Amino acid sequence: MRTIAIDAMGGENAPDAIVKAVLQAKTGMPETKFLLFGDKEALRKLIPEDQINDQLGVVPTTEVIADEDEPVKAIRKKKDSSMVVAANFVKEGKADALLSLGNTGALLACGIFIIGRIKGIVRPGLMPTLPVQNSDDGFNMVDVGANAKSKPEYLLQWAEMASYYAEKIRGIKNPRVMLLNNGAESDKGDDVHQKAYELLKESNLNFLGNIEGNELLLGKADVVVTDGFTGNAVLKNIEGTSSVLLHLLKDSLLNGGVMMTKLGALMVKGSLSSLKSKFDTAKYGGAVLLGVNAPVVKTHGRSNERPIYFTLKQVDKMVKEKLVADFRDEFAEK
């Protein structure tokens, strides 16, 4: 039986939304065990008595890592926090994967310092799946913040892992890989990006060259590789812009005082629903920390049960497909 360790106390809607998602997920995943780490009393109040069984368990912890905590210091001092205890279960082989909605920096630290890097991986990278306009497949972008500074060889390894993930977990054959840069020409960018371009070009990846920021959502690539600083800034920009535009559009159409505006809103309701569905990131699951010894996945801290449910399915598939074991074999040979 596959086992997922879940930090049940992380995120704005914890533990309620997490428990609801787990109860929904366990019905369709009979071969998966869910271990919830957190306040025993709070969790047992939310879980029906008949649901505590071989497939669902609670591991009591007494501390929580807050969003404002300094990541490395927090995982060292809060040894009995839900996140740290869950990470140690994975390290000790008592669980196969770690999921959290909590402090991103602390989760990265747990992945790197507790669970540990795969031998041969220089720096793990954080990778979400993001939407595109012409497909429901989306694209993977890595790194989006695990590393403030990057070297060309980091970007190559991230691209290799992300490409394999796109093929094995998302079912995309021969994924198209592109490098985020400030121009399409091969000589664009600083020394890091120029060298990364050459390494990617010489690799066995399906590398198509550079991609600029204004093309990311057009569906030209299945994997976009970038340095962690740029990736984090771009990710926040995409999230913020999407949220603002959807709210502005909704307000303009539904909150106007003119009858024609409201009639127009009814006429385009179907199109708006289609647009919302296209840019629904919940269905893609969470951001994966590539390069550590077990699946470590971060879901947005504001998530309700729906994105958590999809993330549980994502994590379960990663374990089932033995993604990390394949990474170990691949990079041990290099």
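One-based numbering along the sequence shown. Quick caveat, the model's predicted, so the values are computed rather than measured.
The shortest non-hydrogen separation linking I121 to M161 is CD1-SD, 3.7 Å. Scanning all heavy atoms of the two residues, the minimum distance from V90 to A294 falls at CG1-CB, 3.4 Å. Of all heavy-atom pairs spanning P124 and G291, the tightest one is CG-O, 4.1 Å. Looking at every heavy atom in both residues, L43 comes nearest to V58 through CD1-CG1, 3.8 Å. When all heavy atoms are compared, the tightest approach of A159 to L200 is CB-CD2, 3.6 Å. What you find for D137 and T129 is that their closest heavy atoms are O-CG2, 4.1 Å.
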Mind running side chain to side chain contact (heavy atoms under 4.5 Å, CB included) on T61 and D39 for me, showing each step along the way? CA-CA 6 Å; T61 61; D39 185 308; over 6 Å; no

Start with the C-alpha gap between H193 and L179, add the side-chain angles, then the distance that decides, and say whether side chain to side chain contact (heavy atoms under 4.5 Å, CB included) holds. CA-CA 8 Å; H193 288 80; L179 173 67; 4.2 Å; yes

Does S100 form a side-chain hydrogen bond (donor to acceptor under 3.5 Å, both in side chains) with D7? I'd like the steps, not just the answer. CA-CA 5 Å; S100 177; D7 168 18; 2.8 Å; yes

Please evaluate residues L180 and V234 with respect to the criterion side chain to side chain contact (heavy atoms under 4.5 Å, CB included), reporting the C-alpha separation (whole Å), side-chain torsions for both, the decisive distance (0.1 Å), and the verdict. CA-CA 10 Å; L180 182 60; V234 169; 4.0 Å; yes

Kindly determine whether T311 and T299 satisfy side-chain hydrogen bond (donor to acceptor under 3.5 Å, both in side chains), including the steps that lead there. CA-CA 7 Å; T311 305; T299 309; 3.2 Å; yes

Check against salt bridge (charged side-chain N to carboxylate O under 4.0 Å, His left out), D69 and K78: CA-CA 10 Å; D69 286 342; K78 294 186 175 182; 2.7 Å; yes

Worked check of side chain to side chain contact (heavy atoms under 4.5 Å, CB included) between I114 and V84: CA-CA 8 Å; I114 296 178; V84 171; 4.0 Å; yes

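Hydrophobic clustering (ILVMFWY, side-chain heavy atoms < 4.5 Å, transitive): V132 and V224 are in one cluster. V177 and L218 end up in different hydrophobic clusters when Ile, Leu, Val, Met, Phe, Trp and Tyr side chains are linked at under 4.5 Å. Residues L312 and L323 share a hydrophobic cluster, clusters being chains of Ile/Leu/Val/Met/Phe/Trp/Tyr side chains in contact below 4.5 Å. I308 and F37 sit in two unconnected hydrophobic clusters of ILVMFWY residues. Membership requires side-chain heavy atoms under 4.5 Å apart, directly or through other members. M9 and I47 are assigned to two separate hydrophobic clusters, defined by single-linkage of ILVMFWY side chains at heavy-atom distances under 4.5 Å.
Annotation: side chain of T32 is not in contact with side chain of K26 (no heavy-atom distance under 4.5 Å). Between I52 and R44 the shortest side-chain heavy-atom distance falls below 4.5 Å. Within the 4.5 Å cutoff, no side-chain heavy atoms of F89 are placed close to those of L98. Here the side chains of V297 and L289 are not in contact, with every heavy-atom distance at 4.5 Å or above. Contact check for Q51 versus L23: side-chain heavy atoms found under the 4.5 Å cut-off. Looking only at side-chain heavy atoms (C-beta outward), E330 and Y164 stay at 4.5 Å or farther from each other. For the pair M318/I169, a side-chain contact is recorded, criterion being any heavy-atom separation below 4.5 Å from C-beta on. You'll find the side chain of F229 stays beyond 4.5 Å of the side chain of K149, heavy atoms only.
The backbone N or O of Q55 sits less than 3.5 Å from a side-chain atom of N53, completing a donor-acceptor pair. In this structure, E63 contributes its side chain and D80 its backbone to a donor-acceptor pair below 3.5 Å. In terms of modelled atom types and a separation under 3.5 Å, the side chain of E215 and the main chain of K220 share no donor-acceptor contact. Within the 3.5 Å criterion, the main-chain N or O of V319 finds no donor-acceptor partner in the side chain of D96. N182 contributes a side-chain N or O that, together with a main-chain N or O of G189, makes up a donor-acceptor pair within less than 3.5 Å.
Checked against the 6.0 Å centroid threshold, F310 and Y284 do not count as a close aromatic pair.
A 6.0 Å sphere centred on NZ of K317 holds more than 12 heavy atoms belonging to other residues, nucleotides or ligands. In the displayed structure, N204 atom CG is contacted under 6.0 Å by at most 12 heavy atoms of other residues, nucleotides or ligands. More than 12 heavy atoms of other shown residues, nucleotides or ligands fall within 6.0 angstrom of atom CD in E92. Around CG of D54, the count of heavy atoms belonging to other residues, nucleotides or ligands within 6.0 Å does not exceed 12.
Using a 4.0 Å cut-off between charged side-chain N and carboxylate O, K151 and E153 make no salt bridge. A salt bridge links D316 with R2; the closest basic N to acidic carboxylate O contact falls under 4.0 Å. Ion pairing between R123 and D143 fails under the 4.0 Å rule for side-chain N and carboxylate O. Checked for salt-bridge contact, D222 and R176 meet the test: a charged N lies under 4.0 Å from a carboxylate O. Checked for salt-bridge contact, D326 and K168 meet the test: a charged N lies under 4.0 Å from a carboxylate O.
Distance check: K298 NZ to S303 OG gives 7.5 Å after rounding to the nearest 0.5 Å. Atom CG of residue N210 and atom CD of residue E185 lie 8.0 Å apart, to the nearest 0.5 angstrom. Here CG of D16 is found 11.5 Å from NZ of K45. Values are rounded to the nearest 0.5 Å. One distance of note links OG of S186 with CD of Q194; it measures 8.5 Å at 0.5 Å rounding. Between atom OG1 of residue T226 and atom CG of residue N232 there is a gap of 10.5 Å, rounded to the nearest 0.5 Å. One finds the CD1 atom of I18 at 5.0 Å from the CG atom of L101 (value rounded to the nearest 0.5 Å).
Tested against L108, the residues N103, L126, V72 include a single side chain to side chain contact (heavy atoms under 4.5 Å, CB included) partner, L126. Each of N147, L290, N140 was compared with W158 under the side chain to side chain contact (heavy atoms under 4.5 Å, CB included) criterion, and only N147 meets it.
Between F327 and F331, the two ring planes are perpendicular [angle over 60°; tilted spans 30° to 60°].
F207 does not carry K201 over the face of its six-membered ring by the limits of under 6.0 Å from the centre and within 45° of the normal.
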